[in-house]
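All chains are named by letter (A, B, ...) in the order of the sequence lines, taking the proteins before the strands, and each is independently numbered beginning at 1. Every heavy atom of this structure was used, including side-chain atoms; hydrogens, water molecules and symmetry mates were not.
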Protein chains: 2
Amino acid sequence: MRAQLNARSLALLPSQPAPPASHSLFGSIELMGASMTFKKGAEIYGENEPADYVYKLISGTARSYQILNDGRRQIQDFYFPGDIFGLEAGPEHASSTEAMSDVSVLVVRRSAILSAATRDSDVASQLWAYTSRELHHARNHAMLLVKTAQERVASFLLQLAERCTGNAVELPMSRQDIADYLGLTIETVSRTLTQFQDEAAIELPSSRRVVLRNRLALNNLNA
Amino acid sequence: MRAQLNARSLALLPSQPAPPASHSLFGSIELMGASMTFKKGAEIYGENEPADYVYKLISGTARSYQILNDGRRQIQDFYFPGDIFGLEAGPEHASSTEAMSDVSVLVVRRSAILSAATRDSDVASQLWAYTSRELHHARNHAMLLVKTAQERVASFLLQLAERCTGNAVELPMSRQDIADYLGLTIETVSRTLTQFQDEAAIELPSSRRVVLRNRLALNNLNA
DNA sequence: CGGCGCCTTGAACCAAGTCAAGCTCTGTGG
DNA sequence: CCACAGAGCTTGACTTGGTTCAAGGCGCCG
């Protein structure tokens, strides 16, 4: 199940000097990256593994999570195409990341990014901005976790809807994934969605498809 | 109540070139900072205010928090002497920070730090490392918020104990502060502490003083 | 068309919240 | 030095939102 980045695949990563800076963190160095694919359910990296690589999601969806000592899984983030993940300041990954579908990623050595950052202050600035955005996300997530079930689900739907145009939202994750992201059980997520449908705030044409009918009602719950 | 950084106080902040880099983020530039004091309960900065200054806590204790639309307060972090706070990548503060006691801080213009970072890659690297540490803290905090009350309180005590030597922990914050940090009510915090005392895991010689008697028992709860 | 994941629904239960006293410091003024 | 007031903390009784446990439905793929 675990995809390996072994000496063989490492040979695919050339270490040439970075081209001139661009505005995206990966922009200036992504030509150095290798492309990799992971099957649905495969682990891209695991907690406590050396954080030697940074990933940019090209296609598919991924989730990062930690496991509590009682076995519960807390999902920290979902990643969509264009998202960067796996970047850590410490030597090891603090969470695991899995492919939720077949996934293709661009892989770059962390050391390449760090050394580019010492040479190019634009890269350094992007590095900081990226981590800062993650920090905001993590704090918003923490705010979510003290709300009621209705507020959590409403916030989640609105958050997903931001990535879409129109009111139709495709859910690339299962009810269990949603529950583990929101700190609820699948039953509560399911009941809450049904309740929103009963209140005509949303429609559920299928279990993986949500149409927002009354954004205002959801927003009122979005503490 | 609100302490102001007005044109007058700004004049106190010279903008000379940074001295050679050191290992601390503030190290290389803190000579540029102005010292300020805040009375207990005073707001150091508020949510949505321009994030033009960065603070280093010299003495006292501070808390950063957000208010939910139902009026509940979620504390994100407590700051102790030596801690840096108020550093944001975005233009505005995403949370408010208040003095929990009389406080003295060193204040530096964010722009001074950012421009130092473009000149000196060590500063840039410290900037990133600092934000990355905050990110870890925020994610750990999110993990806390899905645990049981006992686990949250135990984790909190152990977390505070890390800053102390020995088993005696001084609590610089009220039960309400603890509750708002842990996403619980004061009653639950109080009951849980009493329960730990009944189980001989801690002693409570006074309400603001905790002695850890059985760290192992607490650690077993520390998911 | 049958089997298996995934999702929904119902009923009972429980951890934490709410509401309401009462207690314990601490500081203040007589 | 003591009486008192007020804030902060604890404790008890009751309520409740969300979990747990259990059953059943739906849809998808071989």
Problem set entry | Integer-rounded Å distance: D/dG8 P and B/Leu193 CG | 17 Å

Exercise. For DNA chain D, what residues of residues 179-192 of chain A have any heavy atom nearer than 4.0 Å?
Worked result: A/Gly183, A/Leu184, A/Thr185, A/Glu187, A/Thr188, A/Arg191

Problem set entry | Residue list, side-chain hydrogen bond (donor to acceptor under 3.5 Å, both in side chains) with B/Gln66, at least two apart or on another chain | none

For this session: Determine, stepwise, if the pair B/Gln176 / B/Val189 fulfils side chain to side chain contact (heavy atoms under 4.5 Å, CB included).
Result: CA-CA 9 Å; B/Gln176 188 63 63; B/Val189 171; over 6 Å; no

Exercise. Only one of B/Phe38, B/Tyr53, B/Tyr55 clears ring pair (Phe, Tyr, Trp, His ring centres under 6.0 Å) with B/Tyr45; which?
Worked result: B/Tyr55

Problem set entry | Contact residues, residues 142-159 of chain A to DNA chain D [heavy atom, < 4.0 Å] | A/Thr148, A/Ala149

Problem set entry | Test of ring centre spacing under 6.0 Å for B/Tyr181 and B/Phe78 | yes

Seminar exercise, completed: Here the residues of residues 198-211 of chain B within 4.0 Å heavy-atom distance, strictly under, of DNA chain D are B/Ser207, B/Arg208

Exercise. Are the charged groups of B/Arg63 and B/Asp177 less than 4.0 angstrom apart, N to O?
Worked result: yes

For this session: For B/Leu145 and B/Gln74, run side chain to side chain contact (heavy atoms under 4.5 Å, CB included): C-alpha distance rounded to whole Å, both residues' side-chain angles, the deciding distance at 0.1 Å, then the answer.
Result: CA-CA 11 Å; B/Leu145 297 177; B/Gln74 177 61 37; 4.3 Å; yes

Exercise. Tell me, do B/Glu151 and B/Leu144 make a side-chain contact under 4.5 Å, heavy atoms counted?
Worked result: no

Exercise. Separation of B/Gln197 atom CD from D/dC9 atom P, in whole Å?
Worked result: 15 Å

Exercise. Would you call B/Lys56 and B/Val105 a side-chain contact if the rule is heavy atoms closer than 4.5 Å?
Worked result: no

Using distance only, find each side-chain donor-acceptor pair of residues 85-94 of chain A under 3.5 Å and give its atom names and separation, not counting sequence neighbours.
residue	atom	partner	partner atom	Å
A/Glu88	OE1	B/His136	NE2	3.3
A/Glu88	OE2	A/Ala94	N	3.3

Problem set entry | side-chain hydrogen bond (donor to acceptor under 3.5 Å, both in side chains) partners of A/Asp77, counting only residues at least two apart | A/His137

For this session: Answer yes or no: is there an ion pair linking B/Lys40 with B/Asp102, defined by an N-O contact shorter than 4.0 Å?
Result: no

Problem set entry | Which residues share a side-chain hydrogen bond (donor to acceptor under 3.5 Å, both in side chains) with B/Thr194, sequence neighbours left out | none

For this session: Name the closest nucleotide to the A/Arg175 side chain, picking from C/dT8, D/dC9, D/dT10.
Result: C/dT8

Exercise. If an axis is fit to five pairs at each end of the helix from C/dC1-D/dG30 to C/dG30-D/dC1, what is the angle between the two, to the nearest 10°?
Worked result: 30°

Protein and nucleotides 25-30 of chain D: nitrogen or oxygen contacts under 3.5 angstrom:
none

Exercise. Can you name the side-chain hydrogen bond (donor to acceptor under 3.5 Å, both in side chains) partners of A/Arg139, sequence neighbours left out?
Worked result: B/Glu134

Exercise. So does A/Arg73 pair up with A/Asp180, basic N to acidic O under 4.0 Å?
Worked result: yes

Less than 3.5 Å apart, which donor and acceptor atoms pair up between the side chains of residues 200-210 of chain A and the rest of the protein, not counting sequence neighbours?
residue	atom	partner	partner atom	Å
A/Glu203	OE2	A/Arg213	NE	2.3
A/Glu203	OE2	A/Arg213	NH2	3.2
A/Ser206	OG	A/Arg208	N	3.4
A/Arg208	NH1	A/Met173	O	3.4
A/Arg209	NE	A/Glu170	OE1	3.1
A/Arg209	NH2	A/Glu170	OE1	2.9

Problem set entry | Residue pair A/Asn222 / B/Asn69, side-chain heavy-atom distance below 4.5 Å | no

For this session: Please round to the nearest 0.5 Å and tell me the distance separating atom CG of A/Leu158 and atom CG of A/Leu212.
Result: 6.5 Å

Seminar exercise, completed: Note: contacts of residues 62-73 of chain A with DNA chain D (heavy atom, under 4.0 Å) are none

Exercise. Thinking salt bridges, do B/Arg163 and B/Asp83 make one under a 4.0 Å N-O criterion?
Worked result: yes

